[in-house]
Amino acid sequence: TFNNNSAGSITISGAFTLYGGTFNASTGTTTFAAGFTHTTGGTFTHNSGTVAFTGAAATVDVNVTETFNNLTLNKTAGVGQTITAGDTLTVNGTLTLTEGSFFIGTINAKGAISVAATYDGSTGTLLIDGTGDQSFQVPSGAILPNIILNSSLSTIDFAGTTYTIPSLILQAGIFNGASTSTTFSGVVTILGGTFNNNSAGSITISGAFSLYGGIFNASTGTTTFSAGYTHLGGTFTHNSGTVAFSGAAATVDVNVTETF
């Protein structure tokens, strides 16, 4: 048993590996500056403290899922924390995205979310599905990972004017586009909730667009679909703007008729 049942900090500069026994993290901050492996045995107890991943590029590898209280990603600028494919880090308290990025796996935020202007985005997925209000504003300069928003009380807003986001799955809650341009480099799937862009700020969706539920309020300026367009449920509102189909060969599939 490793105990730190106090607010005293723990900093592990080398790789951390838990295969058996019990690791009781600090009630303050426990910092992992290299790899974090907990795959085959033992018990990790977050002790209602904060876990911080810092330093150079490293990998988190857990047995499908690991639960933290507060989690901070504050990597060296321009490098990432890889979460092994298929793994999910669940954060019951506050998730703070400060610097660097995370790749491949999923962070499941159940509580408050804070994103700094220095955050570099990622190819990983941020799942937001807590029962309370998890609303947050993305500062100018920040880059988001792939987003799954499934929190009916939560709203994502943007303080800056121009953003590029890998992909969005909207199941519940409100997503408000940026004032000048919001670009999705991947797919956008709307299953519920409300997507708003009630301004002349452009929307560009480079991947397939699918609307099966909820509401999609297009830009009062131009909304561009560069791949497939599917609308078989939910509500599409043209907002008196322009819809543009661009890019390579693609299919438009609607429920008999669509009005632009």
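Residue numbers count from 1 along this sequence.
A single hydrophobic cluster is not seen to contain both I113 and I174; linkage of ILVMFWY side chains at heavy-atom distances under 4.5 Å, directly or through other members, places them apart. In terms of hydrophobic clustering, with Ile, Leu, Val, Met, Phe, Trp and Tyr side chains grouped at heavy-atom distances under 4.5 Å, Y212 and I169 are assigned to a common cluster. Cluster annotation: L168 is connected to V243 through the hydrophobic network of ILVMFWY side chains, with a link wherever side-chain heavy atoms come within less than 4.5 Å. If you chain together hydrophobic residues whose side chains sit under 4.5 Å apart, I148 and F136 never meet in one group. Residue I10 is grouped with residue V51 when hydrophobic side chains (ILVMFWY) are merged at heavy-atom distances under 4.5 angstrom, including chains of intermediate members.
Side chain of T72 to backbone of N74: no donor-acceptor contact under 3.5 angstrom is found. In this structure, H38 contributes its side chain and T40 its backbone to no donor-acceptor pair below 3.5 Å. Remark: side-chain polar atoms of D120 are not paired, donor with acceptor, to backbone N or O of I143 under 3.5 angstrom. A donor-acceptor contact shorter than 3.5 Å links the side chain of K75 to the backbone of A56.
Within the 4.5 Å cutoff, side-chain heavy atoms of S226 are placed close to those of T224. Contact annotation: the side chain of F36 approaches that of V62 to within less than 4.5 Å [non-hydrogen atoms, C-beta and beyond]. When side chains are defined from C-beta on, F245 counts as touching V252, because their heavy atoms get closer than 4.5 Å. Between V91 and I107 there is a side-chain heavy-atom pair separated by less than 4.5 Å. At least one side-chain heavy atom of V138 sits under 4.5 Å from a side-chain heavy atom of L144. In this structure, I128 and I156 have side chains that are in contact, with non-hydrogen atoms separated by less than 4.5 Å. Counting only heavy atoms from C-beta outward, the side chains of T88 and V64 never approach each other to under 4.5 Å. Side-chain contact between T220 and S240 is absent, with no heavy-atom pair separated by less than 4.5 Å.
Remark: Q134 CD to T94 OG1 distance equals 10.0 Å, nearest 0.5 Å. Between the CD atom in Q81 and the CD1 atom in I104 there is a gap of 11.5 Å [rounded to 0.5 Å]. Atoms CG and CD1, on D61 and I83 in that order, are 11.0 Å from each other to the nearest 0.5 Å. Atom-to-atom distance recorded for F216:CZ and T237:OG1 is 9.5 Å, nearest 0.5 angstrom. Separation of atoms CG (L71) and OG1 (T96) is listed at 8.0 Å; rounding is to 0.5 Å. A distance of 9.5 Å separates OG in S210 from CD1 in I205, rounded to the nearest 0.5 Å.
Closest non-hydrogen pair, L95 versus A109, comes out as CD2-CB, 4.2 Å. Residue V115 comes nearest to A142 through the heavy atom pair CG1-CB, 3.9 Å, listed as atom of the first residue, atom of the second, then distance. In this structure, A159 and S140 approach most closely via the heavy-atom pair CB-N, 4.4 Å. The two residues T155 and S135 have their closest heavy-atom pair at N-OG, 2.8 Å. The two residues N24 and N47 have their closest heavy-atom pair at CB-ND2, 3.8 Å. The two residues S122 and P166 make their nearest non-hydrogen contact at O-CG, 3.6 Å.
Checked by atom type, the side-chain pair N70/T50 shows a donor-acceptor distance below 3.5 Å. Between N92 and N69, the side chains place no donor N or O within less than 3.5 Å of an acceptor N or O (distance only, hydrogens not considered). There is no side-chain donor-acceptor pair under 3.5 Å between D129 and S151.
Taking the six-membered ring for Trp, F209 and F184 have ring centres at least 6.0 Å apart. For an aromatic pair to be called close, the ring centres must be under 6.0 Å apart, and F53 with F102 fails this. In this structure, F158 has its ring center under 6.0 Å from that of F175.
Note on ring orientation: taking the six-membered ring where Trp is involved, the planes of F44 and F68 are perpendicular (angle over 60°, cut-offs 30° and 60°).
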